[in-house]
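Report on the structure given below.
Below, chain A is the first sequence line, B the second, and so on; all start at residue 1.
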Protein chains: 2
Amino acid sequence: MTDSTGSHDAWAAALRAHGRRVTKQRLAVLAAVEHHPHSPAEAILAAARQELPDLTAQSVYVVLGDLTDLHMLRRFEPPHSPALYETRVGDNHHHAVCVSCGRVEDVECAVGHAPCLTPHWDANAKPMTIQIADVLYQGICQDCQRTQQLPSERN
Amino acid sequence: MTDSTGSHDAWAAALRAHGRRVTKQRLAVLAAVEHHPHSPAEAILAAARQELPDLTAQSVYVVLGDLTDLHMLRRFEPPHSPALYETRVGDNHHHAVCVSCGRVEDVECAVGHAPCLTPHWDANAKPMTIQIADVLYQGICQDCQRTQQLPSERN
DNA sequence: GCCTTATTGTGAGGCAGTCATAATAAGTGC
DNA sequence: GCACTTATTATGACTGCCTCACAATAAGGC
């Protein structure tokens with residue numbers, strides 16, 4: 001639980017490598033995202049404030065945006081949800097969201113390596129240089145499936 | 001250009017099949033989305049108002065949301081963009097967005113049939129019943145690539 | 001045509017995130 | 001260790017996208 005010190009040095013080094021200063025705010029945000037993957041900015045703020053009570057929401061937005069541009073964080077936006085952040089970058093894993101309760105699960109890439117980086121283009125499309133492919137599965141998780149089959153349980 | 005009448009009957013039938021009344025507002029929205037695929041609600045409103053000037057933004061939101069739930073429209077949300085709508089449903093095609101200019105291109109499914117509907121789950125994940133898989137490619141389109149290589153062209 | 005009720009219009013309001021500017025503190029050289 | 005420069009964070013106001021509650025309208029069945 002307090003092993004964030006282990007990551008601390010790695011985060012600091014990565015920040016320096018990108019020409020960024022090592023601030024406790026950034027470290028707090030990174031630690032919060034690491035311990036609460038798939039969290040929106042608001043939850044990250046709450047988590048980071050436990051060790052840095054004066055941190056403001058705006059700073060979190062700035063830091064999250066900057067770290068995402070640096071590819072130190074990954075950001076994705078499920079439908080009807082604010083943006084979620086996670087520290088798993090580099091591997092091309094995907095996400096499954098439950099359309100009922102909003103749960104998010106990690107999903108390994110279906111093919112094992114970047115499968116979708118070579119799309120088949122429409123005949124009339126201008127091909128783009130693809131950088132990343134995000135796969136977003138939408139379905140119903142086991143819990144919600146059970147609940148919906150028992151509507152009498154509702155309240 | 002005025003072949004929307006051809007789709008008109010099909011839309012009306014589909015609406016009835018879902019127990020919805022056939023209103024000119026819904027038909028105008030459907031026609032607008034068909035003629036302007038990958039458009040946000042605001043653009044759909046503008047297009048639909050050309051044939052229905054009194055249509056309100058709120059109605060468009062309601063109609064879009066309802067038709068999306070009915071799977072008559074498909075909705076997807078690229079990062080840093082409002083939700084976009086299209087009439088292509090049923091086939092599992094995907095989308096590529098240019099991170100620079102926001103252009104959206106359709107991409108045929110890489111494997112040709114629903115490839116990603118059988119994800120490999122993490123060992124500790126609870127599998128969900130997957131309904132759809134949205135693949136979102138992010139890259140740089142040819143135009144933007146050229147522009148970025150010629151920064152002197154800016155302004 | 002009349003009636004019922006789904007659908008749309010109206011106006012207010014909320015959440016997520018952004019912008020401009022001032023205050024702060026990290027990194028650098030002495 | 002201290003002053004300095006400038007990146008970074010805090011403050012407060014603000015925007016865009018969308019939702020909610022309720023009144024007005026019109027589609028579909030008779």
Residue-phosphate contact under 4.0 Å: T23(A) side-chain N/O, dT9(D) OP1/OP2: yes
Selected nucleotide, minimal atom distance to S59(A) side chain, candidates dC17(D), dG9(C), dA10(D): dA10(D)
Gap between atoms CD and C1', on E42(B) and dG16(D) respectively (whole Å): 9 Å
Side-chain N,O (R21(A)) to OP1/OP2 (dA25(C)) below 4.0 Å: no
Lys/Arg N to Asp/Glu carboxylate O, D134(B) vs R74(B), below 4.0 Å: yes
R75(B) CZ - dC17(D) P separation (whole Å): 13 Å
Smallest separation among heavy atoms of L55(B) and L45(B), with atom names: O-CD1, 3.8 Å
N/O (side chain, Y61(A)) to phosphate O (OP1/OP2, dT18(C)) under 4.0 Å: no
Length of the line joining L27(A):CG and dA25(C):P, which is rounded to integer Å: 16 Å
Whole-Å gap separating C1' (dT18(C)) and CG (D69(A)): 14 Å
Nearest-angstrom distance from the residue atom CG of L55(A) to C1' of dT9(D): 9 Å
Between dA10(D) (C1') and Q25(A) (CD): distance, integer Å: 10 Å
Touch class at under 4.0 angstrom, heavy-atom based, for V62(B) against every strand present: nothing
Atom-pair distance (CG on L70(B); C1' on dT7(C)), nearest Å: 14 Å
Nucleotide dA25(C), atom C1' - distance to CG of L52(A) in whole Å: 13 Å
Earlier contact from the 5' end, DNA chain D, for T56(A) and R16(B): T56(A)
Sugar-phosphate, base or nothing in reach of A57(A), heavy atoms under 4.0 Å: nothing
Residue pair A43(B) / S39(B): nearest heavy atoms and the distance that separates them: CB-CB, 4.1 Å
Residue closer to the 5' end of DNA chain C, Q58(B) versus R26(B) (nearest nucleotide): R26(B)
Sugar-phosphate only, base, or nothing, as touched by D66(A) at under 4.0 Å among non-hydrogen atoms: nothing
Short N-O contact, R49(A) and D54(A), less than 4.0 angstrom: no
Stepwise side-chain hydrogen bond (donor to acceptor under 3.5 Å, both in side chains) check, H95(B) with Q138(B): CA-CA 9 Å; H95(B) 299 108; Q138(B) 298 183 60; over 6 Å; no
